[in-house]
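Worksheet for the structure shown next.
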There are 2 protein chains.
Amino acid sequence: MDLPVVNGSISGLPVYFGRKGWPVDQEIPLSWDNDCPRGKGAYAPTGSGGPDEGSLETVAEVTLKDVALASGCSIATVSRVLTGTRPVGAETARTVRAAAERLGYRPNEVARALRSRTTGTVGLVLPQITNPFFPSLVRELEHALHAEGRAVLLADCDDDPAIEAARIATFLGRRVDALLLIPVDERRSREAVAAAAARVPLVLLDRGCGTGVADSVAVDNAAGMALVLEHLAATGRRRPCFVGAAGTASAAVERRAAYEAGAAALDPAAPGRVALGDFSVAWGRAAADRVWPSRPDALICANDLIAAGALQRLRQLGADVPGEIAVTGFDDIPLAGLADPALTTVRQPVGELAAEAARLLSRRPSDGEPGPRHTVRLAPQLVVRGSSVPDDVVAGV
Amino acid sequence: MDLPVVNGSISGLPVYFGRKGWPVDQEIPLSWDNDCPRGKGAYAPTGSGGPDEGSLETVAEVTLKDVALASGCSIATVSRVLTGTRPVGAETARTVRAAAERLGYRPNEVARALRSRTTGTVGLVLPQITNPFFPSLVRELEHALHAEGRAVLLADCDDDPAIEAARIATFLGRRVDALLLIPVDERRSREAVAAAAARVPLVLLDRGCGTGVADSVAVDNAAGMALVLEHLAATGRRRPCFVGAAGTASAAVERRAAYEAGAAALDPAAPGRVALGDFSVAWGRAAADRVWPSRPDALICANDLIAAGALQRLRQLGADVPGEIAVTGFDDIPLAGLADPALTTVRQPVGELAAEAARLLSRRPSDGEPGPRHTVRLAPQLVVRGSSVPDDVVAGV
DNA sequence: GCAGCATGGGAAAACGTTCTCCGGAAACTT
DNA sequence: AAGTTTCCGGAGAACGTTTTCCCATGCTGC
């Protein structure tokens, strides 16, 4: 059984046939040689011809042409068999599949992309992968996209709109089918985002970027903040104070606005008690210093990082959390459960966020523009932990 | 000045010319029209011809052919001008560049990849992006690779070797130029990794995967553990205990071995005091419960997650950290600085890790196999914080 | 005056697919 | 039995680059 000089299927790596795979009728072909032209070595893969012709190690890629030659039919037929684009005679199909498997054929996605004008890749552009809220989002997105056969090109912008624009441009040059984007800045990202949205389907994630620029999916920040306020009211807090982030980022604005809208129910003076910095642990610490002297009984932080910083400093200041003061966060990053006391926070529905983004992507018809923009808001969930309620109560419920 | 019906340069997106860019002699061409064939609308981009011919919104991609037509020279010449592969007359070059810019030409990277047999992409495959050590590594890798003009395809394996193999296969199908891989498992990842390494340059990161399989770069775990033990010895600890991870992952094995090798210097019985679970916070908590009754004076954890869990539980058990017992971690994830007390740990040189990986990738000559495998070990750094030494001492130094 | 040689430019062949024609044969209609 | 449809398969044109030839031209050195 002398096989021609080509590489067999790579061990451990499942061979990929066509984009839809076959119905699993496999049936191992017992009669390989019936159609194989001239048994011994008359066939060699295309690319060869260099000096090290017979080398078993370094072997040119197996192409459709090779499979066609080996199975004695045309390139077109092989393509049809493997992609299932058109019905092919049962006998021929078997021969072709056998040849493909024997040679270890793996389609060249680049050629496929060029011809079919779709690369099967999605660009994922985000401000800072080190922001602890993003990894879980990236994970869900990656899974959702790979599940539909698309690959993810990743870009980290280092929180710089200029880098962001450059990465977007790079991805467009690479002909991504779509872009998933968490904009760095509501305002300064806008131009690049709008330009990109005109060329490929683009979904904004987590943060907005002006209105009408692109589809977007995010958590309902107002609803989340309302959950927090409701919880604090129910547990008897009456002097809340908001520690948020300045700037125009949509999360910052929406959460602040929702606080101001809802806090009056606890205390008419509450909406005015607001301290603004950025979304960082350091600001959380600083805010605690600034705010603690006025003895609020609840610190509503715009995200978990701020809350973690505040929590840390409050403890150092000798405050009793949650006895004297409750602290709440937003996002439910992994850190939240580890803080001491564990942080009451608003959990973003990360999985649904990702699923919805993927759904929006595939709905939009590949060329830019047409159709109105969709904005999806997903309901968050309140996670009550020890920072707002004594531990025994948490456990008791 | 009636321009032909094509899209101008996309606002906000810098136009990309050739892979090396030009020497910046730019000099804005004042005489555009001198070579442009027949001024008014005689020219239209290739793809058009459909019903909505004159639509300004939806426009076919501008190709080399379009630029060639517009600038009155051949495709070959345009290509040469824009990529700089061969010298071209100054006059012609100017005309071509002007036309390219005017039409908003952007090279099709897919076609380029097909022809030149190199995609400029690198696959990054990792076990779990949600592992808090990885985001900063991913960030550095992304920056290092984008800096040399390569794009990053990301895959998250959900800690499953089967998914890992599938992702690797997908990436190979997409013809990545190279693979960067943090293997899920020392043993079960091996087959797929070895097969992939035979086809493209592959660098193992952070964790090993059997010997001689591929290039690899990681922190020097032994050196890191030695730093910790040295520090603990210097601060008078004499009854250390190691909380590590079972299994064959190289980080787990190496750190454990290093502890066992070095702990005897503190206490002849120390090397035996070892508790093994996994790399999780939950295990850290459980380990604290199990180990505290025997009153060690130092808990050396195999990573920061374990340490964070142990720290939390020790505090709940009423232990005085660092008074009665010191706790140390490994990796210096962001969480480490936020724990209370802040965690003494070993910082991995993430930036250098990434740089070294990128360097190894570009050194290996693109086809698999040849040349011996390189293994790079980078020196870690001890970060002393409050969990091993009283805060005033830390601040004092 | 002519071989030799840079120099600048074009035609056309790849790269590996997909997909549109087209033709022949077999299977149905009337 | 002739027309019509269906089925199967092949040739070959794209897709948008890069690159290899090849041909002009003008210049140098003899």
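Chain A is the first sequence line, chain B the second, and so forth, proteins listed ahead of strands; every chain is numbered from 1.
Listed candidates were D:dG16, C:dT17, D:dT18. Nearest to the side chain of B:Thr83 is D:dT18.
Following rounding to the nearest Å, A:Arg106 (CZ) and C:dG16 (C1') show an atom-to-atom distance of 15 Å. To the nearest angstrom, C1' of C:dG9 lies 14 Å from CD of B:Glu91. The distance between atom CZ of B:Arg112 and atom P of D:dC15, rounded to the nearest whole Å, is 19 Å. Distance NZ (B:Lys65) to P (D:dC15): 7 Å, rounded to an integer number of Å. Per the geometry, CZ belonging to B:Arg174 stands 22 Å off P belonging to C:dC15, to the nearest Å. The CG atom of B:Asn108 sits 17 Å away from the P atom of D:dA14 (whole-angstrom rounding). In this structure, CG of B:Leu82 is placed 16 Å from P of D:dG16, rounded to the nearest angstrom. A:Glu61 places its CD atom 14 Å from the C1' atom of C:dT17, with the value rounded to the nearest Å.
Between B:Arg117 and C:dA14 there is no side-chain N or O to OP1 or OP2 distance below 4.0 Å.
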Any chance you could list the contact pattern along nucleotides 4-13 of chain D? Use B for base contacts, S for sugar-phosphate-only contacts and - for none, protein heavy atoms under 4.0 Å, 5' to 3'.
----BBBBBB

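The side-chain contact (heavy atoms from CB on, under 4.5 Å) check on A:Thr119 picks up A:Ala113, A:Thr121, A:Arg175, A:Asp177, B:Val110, with sequence neighbours excluded. Considering only residues two or more places apart in sequence or on other chains, B:Ile75 meets the side-chain contact (heavy atoms from CB on, under 4.5 Å) condition with B:Leu64, B:Lys65, B:Ala68. The side-chain hydrogen bond (donor to acceptor under 3.5 Å, both in side chains) search around A:Glu164 returns A:Ser189, not counting sequence neighbours. Residues meeting the side-chain contact (heavy atoms from CB on, under 4.5 Å) test with B:Ala111, sequence neighbours left out: A:Leu114, B:Asn108. By the side-chain contact (heavy atoms from CB on, under 4.5 Å) test, A:Ala76 pairs with A:Ser74, A:Arg80, sequence neighbours left out. Scored by the side-chain hydrogen bond (donor to acceptor under 3.5 Å, both in side chains) test, B:Arg117 finds no partners at all (sequence neighbours excluded).
A donor-acceptor pair shorter than 3.5 Å can be found between the side chains of B:Thr83 and B:Thr85.
Annotation: side chain of A:Asp66 is not in contact with side chain of A:Tyr105 (no heavy-atom distance under 4.5 Å).
Using five terminal pairs a side, the axes of the helix from C:dG1-D:dC30 to C:dT30-D:dA1 at its two ends make an angle of 40°, given in steps of 10 degrees.
Listed by first then second residue, pairs satisfying salt bridge (Lys or Arg N to Asp or Glu O under 4.0 Å) with a partner in residues 145-155 of chain A read A:Glu148-A:Arg150, not counting sequence neighbours.
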